[in-house]
Enquirer: 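Below: one structure in structure tokens.
Start at 1 with the first residue, then count along the sequence.
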Amino acid sequence: MTKGRLEAFSDGVIAIIITIMVLEMKTPPGADLVALRAVMPVFVSYVLSFVFVGIYWNNHHHLLQAARHVNGRILWANLHLLFWLSLTPFVTRWMGESHFAPWPVALYGAVLLCTGIAYFILTRTLIAHHGQESPLATALGRDVKGKASLVFYAVAIPVALVNAWLACALYVVVAIMWLVPDRRIEEAVTRRTG
């Protein structure tokens with residue numbers, strides 16, 4: 001199967017996720033700048049989630065650029081990833097509206113962890129389909145950054161129940177890790193087509 005429909009569907013779902021997140025933000029109760037203080041936790045949680053969804057969209061785009069075609073297992077692995085991403089607006093709003101209370105921050109981390117696991121499964125499914133010698137497999141290598149992210153999320157979940165701000169700091173560290181450009185897949189695609 002060609003990958004076009006999978007890419008188009010995924011792009012559409014991710015666009016809807018971002019739209020839902022922004023629509024979940026309510027306007028402040030007053031008409032002055034002081035009123036913005038009341039919605040600041042919701043805005044901060046939105047920014048963090050927007051960055052995460054953006055990172056997944058960017059990496060998903062590169063991942064599929066390295067793929068030549070897809071099969072049924074890849075379609076299901078991709079749906080698994082989109083399922084966990086689709087929970088982002090819910091946990092984002094709960095975390096923001098609760099002013100970063102321990103349980104919402106822990107659940108936010110659980111969704112991040114499950115999303116990370118789903119992305120890992122998608123990468124492994126693509127590699128299994130394209131082969132261990134494929135440009136994708138070569139580009140991902142041992143995927144240290146991906147595995148480290150899962151460890152950070154797993155640690156942050158119980159930490160959130162003790163210190164929610166420290167857990168949020170761990171989430172930010174993961175986001176910063178992924179904001180640093182990772183050119184492995186781009187370079188592998190360029191080598192294949194160049």
Side-chain angles (χ1 to χ4, degrees), residues 1 3 5-15 17-18 48-92 105-160 167-189 192:
M1 289 181 268
K3 58 186 179 172
R5 288 192 65 206
L6 179 124
E7 288 173 306
F9 179 73
S10 300
D11 286 349
V13 170
I14 291 171
I17 290 167
I18 289 173
L48 182 62
S49 293
F50 184 91
V51 168
F52 274 114
V53 172
I55 288 167
Y56 275 105
W57 175 78
N58 191 11
N59 289 331
H60 187 269
H61 169 74
H62 286 101
L63 193 64
L64 291 176
Q65 289 301 307
R68 291 183 307 277
H69 39 78
V70 297
N71 63 13
R73 287 184 182 192
I74 293 167
L75 294 177
W76 281 109
N78 192 69
L79 278 174
H80 180 229
L81 170 64
L82 294 176
F83 169 78
W84 289 107
L85 276 173
S86 73
L87 292 175
T88 304
F90 170 74
V91 293
T92 299
V105 172
L107 184 62
Y108 185 84
V111 169
L112 290 176
L113 176 62
C114 291
T115 305
I117 290 169
Y119 185 82
F120 180 80
I121 291 169
L122 177 59
T123 62
R124 296 300 147 203
T125 307
L126 281 162
I127 289 171
H129 183 64
H130 288 86
Q132 293 297 326
E133 304 302 319
S134 67
L136 178 62
T138 304
L140 288 175
R142 294 181 18 208
D143 194 20
V144 174
K145 194 159 58 167
K147 292 173 185 171
S149 300
L150 298 178
V151 170
F152 272 87
Y153 296 146
V155 168
I157 294 166
V159 165
C168 287
L170 292 171
Y171 304 150
V172 169
V173 167
V174 174
I176 290 169
M177 280 178 12
W178 285 101
L179 283 175
V180 174
D182 187 352
R183 308 231 187 279
R184 296 175 298 171
I185 295 176
E186 266 184 42
E187 290 169 1
V189 170
R192 185 180 80 196

Enquirer: If you define the side chain from C-beta out and look only at heavy atoms, does anything of I74 sit under 4.5 Å from K3?
Expert: no
Enquirer: Test side chain to side chain contact (heavy atoms under 4.5 Å, CB included) on V13 and L85; report intermediate values, then the result.
Expert: CA-CA 9 Å; V13 170; L85 276 173; over 6 Å; no
Enquirer: Report yes if some heavy atom in the side chain of V174 is under 4.5 Å from a heavy atom in the side chain of F52; otherwise report no.
Expert: yes
Enquirer: Atom CZ in R68, atom OG in S134: separation rounded to 0.5 Å?
Expert: 7.0 Å
Enquirer: For the atom pair CH2 (W76) and CZ (F83), what is the distance rounded to the nearest 0.5 Å?
Expert: 12.5 Å
Enquirer: I need the minimum non-hydrogen distance between H60 and L81, along with the two atoms involved.
Expert: CD2-CD2, 3.8 Å
Enquirer: Going by ring-ring contact (aromatic ring centres under 6.0 Å, His included), name the residues that satisfy it together with Y171, two or more places apart in sequence or in a different chain.
Expert: Y108
Enquirer: Applying side-chain hydrogen bond (donor to acceptor under 3.5 Å, both in side chains), can you list everything that pairs with T88, at least two apart in sequence or on another chain?
Expert: none
Enquirer: How close do V105 and C168 get, heavy atom to heavy atom, and via which atoms?
Expert: CG1-SG, 3.9 Å
Enquirer: Which pair of heavy atoms, one from K147 and one from R142, lies closest together, and at what distance?
Expert: NZ-O, 3.1 Å
Enquirer: Quick one: which residue pairs count as a ring-ring contact (aromatic ring centres under 6.0 Å, His included) with a foot in residues 130-153, not counting sequence neighbours?
Expert: H69-H130
Enquirer: In chain order, what residues pass the side chain to side chain contact (heavy atoms under 4.5 Å, CB included) check against R5, with sequence neighbours excluded?
Expert: none
Enquirer: With sequence neighbours excluded, tell me which residues meet side chain to side chain contact (heavy atoms under 4.5 Å, CB included) with L107.
Expert: F90, V91, W94, A110
Enquirer: Less than 4.5 Å apart, side chain to side chain, heavy atoms only: is that true for E7 and Q65?
Expert: yes
Enquirer: Of all the heavy-atom pairs spanning L126 and A67, show the shortest one and how long it is.
Expert: CD2-CB, 3.9 Å
Enquirer: Before you tell me yes or no, could you show the steps for Q132 and I127 under side chain to side chain contact (heavy atoms under 4.5 Å, CB included), namely the whole-Å CA-CA distance, both residues' side-chain angles and the distance that decides it to 0.1 Å?
Expert: CA-CA 6 Å; Q132 293 297 326; I127 289 171; 3.4 Å; yes
Enquirer: What distance do F9 atom CZ and N78 atom CG have between them, rounded to the nearest 0.5 Å?
Expert: 8.0 Å
Enquirer: When the side chains of residues 111-124 are checked against the rest of the protein, which donor-acceptor pairs come out under 3.5 Å, sequence neighbours left out?
Expert:
{"residue": "T115", "atom": "OG1", "partner": "V111", "partner atom": "O", "Å": "2.7"}
{"residue": "Y119", "atom": "OH", "partner": "N59", "partner atom": "O", "Å": "3.3"}
{"residue": "T123", "atom": "OG1", "partner": "F120", "partner atom": "O", "Å": "2.6"}

Enquirer: Identify the two heavy atoms, one from A156 and one from A167, that lie closest to each other, and give their separation to 0.1 Å.
Expert: O-CB, 3.4 Å
Enquirer: Would you check if there is a donor-acceptor pair between the side chains of W84 and H80 at a distance under 3.5 Å?
Expert: yes
Enquirer: Considering non-hydrogen atoms only, spot the tightest contact between A66 and L136 and give its length.
Expert: CB-CD1, 3.9 Å
Enquirer: Going by heavy atoms in the side chains, are V51 and V172 under 4.5 Å from each other?
Expert: no
